[in-house]
Amino acid sequence: GVMTQRGTVCCSRAPGLSSGVNDSFRAWVLAWHGAAALVSTSRVVSLYARTGAMANPPGVGAAWTRSLAGHNQVIVANGTNNWTNGRVLMTMWTWNSTGWHHGASYWAWGGPRGWGKTRLGDLRSPTGVYSLTDAGGYYPNPGTRLRYDHNPGGYSRIMNGHRVFSYVMSIGYNHVPGTSPLSRRTLYGSSRGGKIWIHEGPGGYSQGCLGASRAGVVAMLRWVNPA
């Protein structure tokens, strides 16, 4: 699972981590290319307008601007006092020529030791900008346009009465784009940890993933447009 230090950033451009964060805010942002990544008039206008206060969703510092350039959908996961409270607020943002516009928000839980994941089993959530390219779950595809791995046997875990992997979305921390969320393949070796997902929460801390309500996970899966 996943979480951040008052936030992290994830996007579809690169599977790696962006290190720049301002001192007052660390945002966990999940971002996708929008508008089919075509060089259309609206896209050119959008990129040109991304300066100053309009460059990022509200609360996301200037250090993230370059990483988010070209991404028209982002999810910002904002967690306060994350060392003692694993709750984060996940908000969907969409960019158009008039700026960033917020959509629905959902509460989620992350890892109990906060942010800064570096290794397997550290119970932390990664900070940075990551891809969201692959999804799966116990139940059939709920309507997402991401690649979807329907595998009841692989996603059968139940915790505290919750089928926590009813639907999942891989976060690109050490995840190989284009592979199932269940894949054991990694970008940087298994010692860094992996299988960091957005999924249905068990009603408390995750091991590093972001655990939201089932309705919230489904809404995010349906909203994201990887085109």
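What's counted below: heavy atoms across the whole structure, side chains too, no hydrogens, waters or symmetry copies. Residue numbers count from 1 along this sequence.
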Could you go through Asp149 and Tyr155, starting from their C-alpha distance and side-chain angles, then the distance that decides it, and tell me whether this counts as side-chain hydrogen bond (donor to acceptor under 3.5 Å, both in side chains)? CA-CA 10 Å; Asp149 174 33; Tyr155 299 102; 3.0 Å; yes

Angle class for the His199/Phe165 ring planes (parallel below 30°, perpendicular above 60°, tilted otherwise)? perpendicular

Does a side-chain heavy-atom distance below 4.5 Å link Met92 with Met220? yes

In the structure I gave you, are the side-chain heavy atoms of Leu146 and Val224 within less than 4.5 Å of one another anywhere? yes

Which residue pairs satisfy the salt bridge (Lys or Arg N to Asp or Glu O under 4.0 Å) criterion with at least one member in residues 170-184, sequence neighbours excluded? none

Hey, any chance Val168 and Leu182 share a hydrophobic cluster, counting ILVMFWY side chains that come within less than 4.5 Å of each other, even indirectly? yes

Measure from the side-chain N and O atoms of Asn174 to the backbone N and O of Tyr188, and report whether any donor-acceptor pair falls under 3.5 Å. yes

Measure the spacing between CG of Leu210 and CD1 of Ile196 and express it to the nearest 0.5 Å. 9.5 Å

Any chance you could measure Ser170, atom OG, to Asp134, atom CG, to the nearest 0.5 Å? 5.5 Å

Min side-chain heavy-atom separation Arg192-Leu120 under 4.5 Å: no

Is the distance between the ring centroids of Trp95 and Trp100 less than 6.0 Å? yes

Heavy-atom side-chain contact between Arg214 and Tyr139 under 4.5 Å: yes

CH2 (Trp223) and CG (Leu221) are apart, to the nearest 0.5 Å, by 11.5 Å

Do Ser166 and Glu200 pair up side chain to side chain, a donor and an acceptor below 3.5 Å, judged on atom types alone? yes

Distance-only polar pair, side chains of Asn141 and His150, donor-acceptor under 3.5 Å: no

Do the non-hydrogen side-chain atoms of Thr133 and Arg147 ever get within less than 4.5 Å of each other? yes

Before giving the answer on side chain to side chain contact (heavy atoms under 4.5 Å, CB included), spell out for Asn225 and Gln73 the whole-Å C-alpha distance, their side-chain angles and the decisive distance to 0.1 Å. CA-CA 8 Å; Asn225 181 4; Gln73 289 183 297; 3.4 Å; yes

So for atom NE2, which belongs to His102, do other residues, nucleotides or ligands contribute more than 12 heavy atoms lying within a distance under 6.0 Å? no

Can you confirm whether Val176 sits close enough to Leu187 that some side-chain heavy atom of one is under 4.5 Å from a side-chain heavy atom of the other? yes

